J.: 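What follows is a structure written as structure tokens; I'll ask about it next.
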Amino acid sequence: MAYSSSKKNRAIAVRNNLSPFGNQLVQKGFIDGDKMQKALAESRKTGHSLIDVLESATGKQLPPDLLRQYKKHHLFELKVVYGVESADPEIETEKFSNNQMGELINSLIPLDLCRRYRLIPLYKKDGDNPILVVAMVDPENLEAQDDLNRILRPKGIGIERQVITQSDYQQLIDQFLDDQVKQETAKKKEVNVDVSLELDNFDFNLEESEDELADDLGATNEAQAAPIITLVNKILAKALQDGVSDIHVEPQEEGLKIRYRKDSVLQQPFDRMPKKIIPAVIARFKIMAELDIAEKRLPQDGKIRRMFQGRKVDFRVNTLPSRYGEKVVLRILDNSATQLGLDKLISHQETLEIVRDMAKRPYGIILVTGPTGSGKSTSLYSVLAERNSPDINICTAEDPIEYSLDGITQVQVIREKGMDFASILRAFLRQDPDVILVGETRDSETAKTSIEAALTGHLVLTTLHTNDAAGAISRLDEMGVEPFMISGALVGVLAQRLMRKVCSECRIAYNPSHEELARFGLSAAAGEEVIFYKANKLEPEQLSQAKASGKLCPKCQGVGYKGRIGVYEVMRNSEKIQTLINEGANTDRIKETAVEEGMITILAYSLNLVREGQTTLEEVERVTFTDSGLEAELKAKRKSGLTCRTCRAELQPEWLDCPYCMTPRF
């Protein structure tokens with residue numbers, strides 16, 4: 001398309017003192033001078049791309065030649081402003097190899113760091129002093145440079161910054177994510193095992209025996225071993241394939257029930273299996289875990305190690321005699337599937353900085369609390385991963401060892417040999433440690449020894465089973481630790497839970513009622529529209545219909561949730577809390593004081609995730625909702641005058657009366 005060029009337009013362009021690109025647009029008649037000035041002002045004010053503003057103002061798209069001119073001009077401006085070379089994927093194609101960039105992201109610069117700082121690694125210059133060339137939207141971001149140096153400097157790699165446009169960065173990162181999805185899809189197609197189909201046609205016709213012991217041992221005979229071995233292997237393989245955390249093998253009166261725990265919720269992937277195979281299946285699990293198959297009246301603990309898709313996976317096995325046979329529960333310890341790093345766990349930046357600050361302390365004790373399966377070990381190892389360096393001696397006592405970290409000393413608890421947590425900890429103190437991890441503090445001796453180590457120049461990390469952060473104080477008190485020792489040694493307490501993330505593909509938006517908000521201590525200002533999300537969870541009949549019609553969500557498969565996210569509560573030890581500990585104050589008073597000092601409770605943290613659209617109120621109620629947690633927050637708010645004492649609605653500082661129930665604020 002041709003645009004008219006006139007002396008008038010050229011005169012306007014000169015008079016308005018436009019850039020060369022602006023002059024070119026005006027001279028070609030794409031836009032007049034006054035509108036060009038307004039477009040420039042709007043672009044500066046809103047931060048929107050000048051191209052988007054121009055196309056919106058004129059209702060026309062810029063021709064390709066003008067787009068190229070704009071980009072060239074824009075890159076030149078960026079080069080001058082930042083004082084670094086510019087990068088253009090359209091021209092310098094050899095620099096922008098998808099395979100090369102993908103390899104660098106997977107091996108050197110994590111994806112979350114690329115997205116946080118809007119940068120992408122291009123290529124590495126090898127030599128005596130290797131240099132990584134990084135394209136950045138903002139090359140002057142000092143925080144980004146610090147994080148890059150923290151990763152690359154220990155490897156002896158320098159950084160060369162180049163500037164890139166926001167649109168080019170977004171296009172490159174989107175291309176990388178698309179490639180990752182394609183690779184994962186292809187990998188799943190290659191290794192996917194249709195276990196349900198195999199089990200539907202599985203031959204359960206085994207000969208029964210009146211003698212239970214003979215039936216157990218019969219599973220080791222060649223004739224009966226093959227089908228049972230195949231069945232058990234497929235149960236384990238499907239569990240790993242589906243990413244579950246626990247396998248429950250449960251003998252029932254009607255038959256054998258297999259259940260998986262995925263994202264904290266139990267699911268039953270198979271129909272009940274015939275009762276006749278119960279002894280053989282249980283025996284097979286016990287043989288794999290090197291347990292005594294003749295012992296049926298006592299609980300036993302064991303471990304299975306297997307290779308799966310090229311990685312080592314451990315199963316922690318526990319058997320328990322029950323009415324219809326021994327129940328077997330296997331906890332999957334697949335550390336290769338877990339990425340360590342506090343920034344990968346804690347999404348709230350303020351909470352993340354508090355935990356990192358506590359982890360930098362040279363001595364003291366940090367407690368991580370929560371129920372079984374809430375991610376305590378992952379949090380502790382993430383702290384160790386960030387502290388791990390050649391100049392620090394780190395020792396861990398664990399039962400079992402769940403992760404392998406290079407450069408640290410890990411010791412397995414063996415109670416039969418007298419190596420419990422307390423004895424290993426005492427041995428550590430003679431090994432000149434800087435940081436000590438105690439897998440679990442469950443008795444008085446371990447608790448007292450840990451506190452003493454924390455008071456004598458060591459940073460001790462350990463876990464407790466309590467419902468919240470403040471409850472850790474009373475738990476230590478119950479173990480016989482003196483209050484003055486707790487107050488002197490404690491750095492802080494991190495309480496945590498894991499809750500399911502609502503599926504971002506099929507979640508359902510809705511407006512919660514005032515009653516629903518008030519129940520969780522929330523409220524909406526007059527006229528404010530609050531949008532939360534519900535999980536699109538399908539019932540069995542709906543699931544079958546969705547599969548038949550091809551409308552089943554490809555991400556969550558009708559569950560409504562996909563993946564889990566951490567919920568955290570961090571209580572730092574302060575002067576007020578130290579005083580309360582020494583006075584023997586109860587848990588509620590300590591928690592209330594911590595909230596007044598700014599602690600974000602587990603409930604408040606989880607409700608923030610609901611506001612962000614990452615989870616649902618149903619998950620909050622299932623995992624984190626407690627009346628005591630809500631009451632502590634409301635008490636703190638009432639003291640600051642920001643909550644209605646009648647209906648619990650949140651109030652603005654300038655309001656004298658509650659607009660919802662008209663109760664006077666004072």
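If you're wondering where the values come from, they're calculated on a predicted model, not measured in any experiment.
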J.: How far does NZ of K327 sit from OG1 of T319, to the nearest 0.5 angstrom?
T.: 12.0 Å
J.: Where do A447 and L476 come nearest, in terms of heavy atoms and distance?
T.: CB-CD2, 4.2 Å
J.: Determine whether M419 and Q412 make a side-chain contact, defined as any pair of heavy atoms from C-beta on separated by less than 4.5 Å.
T.: no
J.: Please walk me through it: do L330 and V249 pass side-chain contact (heavy atoms from CB on, under 4.5 Å)?
T.: CA-CA 8 Å; L330 300 93; V249 183; 4.2 Å; yes
J.: Report yes if the side chains of L429 and I436 come closer than 4.5 Å at any heavy-atom pair, otherwise no.
T.: yes
J.: Any side-chain donor paired with an acceptor under 3.5 Å for S423 and D420?
T.: yes
J.: With a sphere of 6.0 Å drawn around CG of N467, does it hold more than 12 non-hydrogen atoms of other residues, nucleotides or ligands?
T.: no
J.: For D477 and I473, indicate whether the former's side chain and the latter's backbone hold a donor-acceptor pair under 3.5 Å.
T.: no
J.: Show the nearest heavy-atom pair for residues I577 and R572, with the distance to one decimal.
T.: CD1-O, 3.4 Å
J.: Between Q614 and I565, is there a donor-acceptor pair closer than 3.5 Å when you use the side chain of the first and the backbone of the second?
T.: no
J.: Just wondering, are more than 12 heavy atoms of other shown residues or ligands nearer than 6.0 Å to CG in D391?
T.: yes
J.: Taking all non-hydrogen atoms of both residues into account, name the closest pair between I247 and A239 and its distance.
T.: CD1-CB, 3.5 Å
J.: Between N573 (side chain only) and V491 (backbone N and O only), is there a donor and an acceptor less than 3.5 Å apart?
T.: no
J.: Judged by atom type as modelled, is there a donor-acceptor pair below 3.5 Å linking the side chain of T463 to the main-chain atoms of V368?
T.: no
J.: Applying side chain to side chain contact (heavy atoms under 4.5 Å, CB included), name anything that partners V623, two or more places apart in sequence or on another chain.
T.: R497, M499, E619
J.: Work out which heavy atom in L498 is nearest to a heavy atom in S374; give both atom names and the distance.
T.: CG-O, 3.4 Å
J.: Show your working on salt bridge (Lys or Arg N to Asp or Glu O under 4.0 Å) between K591 and D468 and close with a plain yes or no.
T.: CA-CA 9 Å; K591 183 166 188 173; D468 55 17; 3.3 Å; yes
J.: Name all residues meeting the side-chain hydrogen bond (donor to acceptor under 3.5 Å, both in side chains) criterion together with D301; count only those two or more places apart in sequence or in a different chain, and write none if there are none.
T.: N318
J.: Spell out, as yes or no, whether a donor-acceptor pair under 3.5 Å connects the side chain of N388 to the backbone of L384.
T.: no
J.: Got a sec, which pairs hit salt bridge (charged side-chain N to carboxylate O under 4.0 Å, His left out) with one end in residues 422-438, sequence neighbours left out?
T.: R426-E445
J.: Locate the shortest heavy-atom distance separating E295 from E326; write the atom from each residue and the value.
T.: O-OE2, 3.5 Å
J.: Are more than 12 heavy atoms from other residues, nucleotides or ligands located less than 6.0 Å from atom NZ of K537?
T.: no
J.: Is the closest side-chain heavy-atom distance between Y605 and S347 below 4.5 Å?
T.: yes
J.: Can K555 and S504 be counted as having a side-chain donor-acceptor contact under 3.5 angstrom?
T.: yes
J.: Just so I know, are the side chains of T441 and F421 near enough to count as touching, which here means a heavy-atom distance under 4.5 Å?
T.: no
J.: Looking only at heavy atoms, which two atoms of H458 and P433 are closest? And how far apart?
T.: CD2-O, 2.9 Å
J.: Find the distance between CD1 (I332) and CG (D246) and round it off to the nearest 0.5 Å.
T.: 7.5 Å
J.: Counting heavy atoms not belonging to R323, are there more than 12 under 6.0 Å from its CZ?
T.: no
J.: Would you say the side chains of E618 and Y561 form a donor-acceptor pair under 3.5 Å?
T.: no
J.: Looking only at side-chain N and O atoms, does Q431 offer a donor or acceptor that is under 3.5 Å from a partner on T409?
T.: no
J.: Flag yes if more than 12 heavy atoms outside R361 fall under 6.0 Å of its CZ atom; otherwise flag no.
T.: no
J.: Would D314 and K303 satisfy salt bridge (Lys or Arg N to Asp or Glu O under 4.0 Å), going step by step from the backbone distance to the final call?
T.: CA-CA 7 Å; D314 291 331; K303 185 176 181 180; 3.7 Å; yes
J.: Got a sec: does the CZ of R622 have more than 12 other heavy atoms crowding it under 6.0 Å?
T.: yes
J.: Answer yes or no: is there a side-chain heavy-atom contact under 4.5 Å between T466 and L367?
T.: no
J.: If you measure from CZ on R305 to CG on L333, what distance do you get to the nearest 0.5 Å?
T.: 10.0 Å
J.: Is the shortest heavy-atom distance from the side chain of V317 to the side chain of V328 under 4.5 Å?
T.: yes
J.: Does any donor atom in the side chain of S450 or T462 lie under 3.5 Å from an acceptor atom in the other side chain?
T.: no
J.: Please check if the number of heavy atoms outside K262 that lie under 6.0 Å from its NZ is greater than 12.
T.: yes
J.: What I'd like to find out is whether the side chain of F532 reaches to under 4.5 Å of the side chain of R611, using heavy atoms alone.
T.: yes
J.: Testing Q349, H348, E353 for side chain to side chain donor-acceptor pair (under 3.5 Å) with T351, which one passes?
T.: H348
J.: Are there more than 12 heavy atoms of other residues, nucleotides or ligands under 6.0 Å from atom CD of E478?
T.: yes
J.: Is there a side-chain contact between R261 and L266 in this structure, where contact means two heavy atoms from C-beta onward sitting under 4.5 Å apart?
T.: yes
J.: So, taking the atom named CD in E569 and the one named OG in S606, what distance separates them when rounded to the nearest 0.5 Å?
T.: 10.0 Å
J.: State, without any angle test, whether D147 and Y117 hold a side-chain donor-acceptor pair at a distance under 3.5 Å.
T.: yes
